[in-house]
Enquirer: 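Pasting a structure here, questions to come.
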Amino acid sequence: MTTTNNLISVKNLSKVYEMGDFEVHALRDVTLEIQKGSFVAVMGPSGSGKSTFMNILGCLDNPTSGEYYLDGIDVLKLDKNELATLRNNKIGFIFQSFNILPRTSALENVELPLLYNGKINAKERTERASEALRSVGLADRLHYLPSQLSGGQQQRVAIARALVNNPLIIMADEPTGNLDTHASYEIMDIFQQLNGKGITILMVTHEPDIADFALSNILFRDGQIISNETVQNRKLAKEELPKLPSIKMEVTAK
Amino acid sequence: MKLLNLIKIASRSLRKNKMRVFLTMLGIIIGVASVISMLAIGEGSRQNIEASVSSLGTNTVMIYPGSVNQGGVRMGAGSYSTLTQKDADVLATRCEYLTEVSPVVMRSSQVIAGSQNWHTMVVGGYNSYISIRSLKIESGNLFSSGDQRNAAKVCVIGQTVSTNLFGEGTDPVGQFIRINSIPFRVIGLLEKKGQNTFGQDQDDIIIAPFSTVQKRMLSGMYVNNILASSRSEGDMENAKEQVTEILRLQHKLGQEDEDDFTVRSQADIANVFGSISKVLTILLASIASISLLVGGIGIMNIMLVSVTERTREIGIRMAVGAKSRDVLFQFMIESVFISFIGGLIGILFGILVSQLVARFGGWPVVITASSVLLSFAFSAIVGIFFGWYPARKAAGLNPIDALRYE
Ligand SMILES: Nc1ncnc2c1ncn2[C@@H]1O[C@H](COP(=O)(O)OP(=O)(O)OP(=O)(O)O)[C@@H](O)[C@H]1O
Ligand SMILES: [Mg+2]
């Protein structure tokens, strides 16, 4: 069923929401293969099924029918505990609304996935969480609470949390949806660096200029994929960031 | 390793939600503390009542004038005048089940010694009155039968009377006091007895020979009541029957006439008081149950109010790889911790409140292990259930549904 290079393989994936008398077909027979090392931007109008698709791929939700293989594993055959382990080991999920624990420091938020991974001891946990935060540029914010961080910084905490267990794939549902251009580009910079290290990235976005940072773009409409194209003039965040008018300066000095 | 992680997760979560933890604990503390103190007060008064009733002497028989049934209303002792000293003497000679019998007259009087004066109850009885009531002489002597025959102006006095007339620690024996202007010689001091169940000071009393009080201080031949001892506890019922028989004959009551007196045994009185204290305990227990319930509802409210936030939190945890059982275990650890700490604080508070009541309210309290266990168990169950139940619901959801919960 799966070739070695396919990290994700879905076939005839459908999701139907029962809404009392009528049904909402959020996904209709979606078939797609994503190779290791891809950086895919998922586009499409509101309500076209992007989030539904991402949630199923992220093992946060079940499809109504279809097949789904992740890294050669028949995901739909797994029970809840196995799915949890899969999410913990292989998937890093990033939400539009950050979804980090309130009143909990950046470090502790990032440590969270490691706490559910019994093989990692306390020392390694703190080291890896600090390292993940450093890699998203928050080395000096380890003990900040979410309420003391900007939106961009909170999203970077969420990215660090997604990274910390060395996932195969990062799935991000509108990670820049709540951020301004500068913060968005910084996130794209991080994504491109991660992708450069071989991590597969799947990202939903509404903004075409964000989608241009990906390697390929998928377009959804009415629960179906209507196109899957390679990005022609791919932008590099490293190059785009300096071009932005520097109105927003982060305070780095203490 | 994994358990250690869950404990870590739970303790972090507790630290992040101090207000919620505090409010939940408060519910438990209130519940536990009120149950313990209420039941301690109830149990204390029950034991106190029992003690003071049995201190009357288990063989005591009391005969009051008037009938329980007269007019359907039982009037207070002294409302009727049907008993006389003669009745007492007849009972003493003819009732073989009774060992000691004493007629009792009482009069509340002003007592003066030197420049001090005091208002107290003066009781007149035979010298057997002392033994029937299980009173003891601390110093000096009891009056004799001769004193009774001669209506001697002697008396024994209680500790309170002694303290108020002669000062703390002074032996009053040999001193003179004036009761209603009549001089009496104090020949004995009673041992301290303390308060009875109703807060009455049992040491605020003067006992003088029956004839002295009857002749010198009162007019008329009627007595307030007759006090007697049965030969043994087993003879009590026989004694009561025989007393009734003898007195009916003595009072020349016909077949249809009702008794014009009432005979009560120690056991009867114990029963009455027993049921009073049972009612009291039930009352306090229901107040305590209500507080438990209120505490429980408080816990429930806090838990339910925080369900939305907690459900989202569970969604986040599951999204990063927590299994349902990890989540449940975390919540279990949290609520067990809250319930136990809250329960322990509640116990301390309960004991503290009981002690305060005992000290400042002068109310006897007895903390029982069962009340501690009961309240602790109830609160723990409520706390754990309401901590665990929303978590169980949330942990059963898809992570995405938990994340979107509102
Ligand atoms: N829990 C749900 N219950 C019922 N219908 C749902 C549910 N979630 C999504 N839908 C429906 O499924 C369809 C797809 O929703 P989805 O959230 O996947 O859209 P989307 O492409 O992510 O949109 P947007 O760009 O606005 O985020 C929509 O019509 C939506 O109303
Ligand atoms: Mg969406």
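Being a predicted model, the structure only gives us computed values, none of them experimental. Convention: sequence-line order gives letters A, B, ...; per-chain numbering from 1. Atom set for the values below is all heavy atoms of this structure, side chains included, hydrogens, waters and symmetry mates excluded.
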Enquirer: Less than 4.0 Å between a side-chain N and a carboxylate O, is that true for Glu313(B) and Arg103(A)?
Expert: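 Between Glu313(B) and Arg103(A) there is no salt bridge, as every charged N stays at least 4.0 Å from the carboxylate O atoms.
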Enquirer: Can you tell which part of Leu403(B) gets under 4.5 Å to a heavy atom of chain A, answering side chain, backbone, both or neither?
Expert: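 It is the side chain, since no backbone atom gets that close.
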Enquirer: Which heavy atom in Cys59(A) sits nearest to a heavy atom in Pro399(B), and how many Å separate them?
Expert: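 Scanning both residues completely, I find the closest heavy atoms to be O-CG, 4.4 Å.
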Enquirer: Contact part of Asn89(A) toward chain B, heavy-atom cut-off under 4.5 Å: side chain, backbone, both or neither?
Expert: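 Neither the backbone nor the side chain of Asn89(A) comes within 4.5 Å of chain B.
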Enquirer: Does Phe329(B), at its CZ atom, have more than 12 non-hydrogen atoms belonging to other residues, nucleotides or ligands within less than 6.0 Å?
Expert: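 Atom CZ in Phe329(B) is not crowded, with 12 or fewer foreign heavy atoms closer than 6.0 Å.
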Enquirer: Is the closest side-chain heavy-atom distance between Val320(B) and Arg161(A) below 4.5 Å?
Expert: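 They are in side-chain contact.
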Enquirer: Looking at CZ of Arg404(B) and OG of Ser97(A), how far apart are the two atoms once the value is rounded to the nearest 0.5 Å?
Expert: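 Answer rounded to 0.5 Å: 10.0 Å.
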Enquirer: Going from OH on Tyr116(A) to CE on Met318(B), what distance comes out if it is rounded to the nearest 0.5 angstrom?
Expert: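 Nearest 0.5 Å value for the OH-CE distance: 10.0 Å.
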Enquirer: Heavy-atom distances under 4.5 Å only: say whether Glu108(A) touches chain B with side chain, backbone, both or neither.
Expert: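 Both backbone and side chain of Glu108(A) come within 4.5 Å of chain B.
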Enquirer: Which bit of Lys8(B) comes within less than 4.5 Å of chain A, counting heavy atoms only: side chain, backbone, both or neither?
Expert: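 Contact with chain A: side chain only.
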Enquirer: Show your working on side chain to side chain contact (heavy atoms under 4.5 Å, CB included) between Leu60(A) and Asn398(B) and close with a plain yes or no.
Expert: CA-CA 6 Å; Leu60(A) 301 172; Asn398(B) 269 336; over 6 Å; no
Enquirer: By a 4.5 Å heavy-atom criterion (distance strictly below it), what part of Ile91(A) contacts chain B: side chain, backbone, both, or neither?
Expert: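 For Ile91(A), no heavy atom lies under 4.5 Å from chain B.
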Enquirer: What are the two closest non-hydrogen atoms of Ser324(B) and Lys80(A), and how far apart are they?
Expert: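 The answer is OG-NZ, 3.9 Å.
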Enquirer: For Ala84(A) and Ala322(B), which heavy atoms make the closest approach, and how far apart are they?
Expert: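 Distance-wise, the nearest heavy atoms are CB-O, 3.6 Å.
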Enquirer: How long is the gap from CG on Asn5(B) to CD on Glu111(A), to the nearest 0.5 Å?
Expert: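 The CD atom of Glu111(A) is 10.0 Å from CG of Asn5(B), to the nearest 0.5 Å.
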Enquirer: Answer yes or no: are there more than 12 heavy-atom neighbours, outside Phe337(B) itself, under 6.0 Å from its atom CZ?
Expert: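 For Phe337(B), atom CZ is not crowded (no more than 12 foreign heavy atoms under 6.0 Å).
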Enquirer: How about Phe22(B): does its CZ atom have over 12 heavy atoms from other parts shown lying under 6.0 Å from it?
Expert: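 No, not enclosed.
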Enquirer: Answer with side chain, backbone, both or neither: which region of Asp61(A) has an atom nearer than 4.5 Å to a non-hydrogen atom of chain B?
Expert: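 Both parts, backbone and side chain.
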Enquirer: Is Leu145(A) in contact with chain B via its backbone, its side chain, both, or neither, using a 4.5 Å heavy-atom distance?
Expert: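 Leu145(A) has no heavy atom closer than 4.5 Å to chain B.
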Enquirer: Could you give the distance from NZ (Lys323(B)) to CG (Asn81(A)), rounded to the nearest 0.5 Å?
Expert: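 Answer rounded to 0.5 Å: 6.0 Å.
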Enquirer: Atom CG of Asn109(A) and atom CZ of Arg12(B): how far apart are they, to the nearest 0.5 Å?
Expert: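 Answer for the CG-CZ pair, Asn109(A) versus Arg12(B), is 9.5 Å.
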Enquirer: Distance from Leu112(A) atom CG to Arg317(B) atom CZ, nearest 0.5 Å?
Expert: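 Output value for this atom pair is 5.5 Å.
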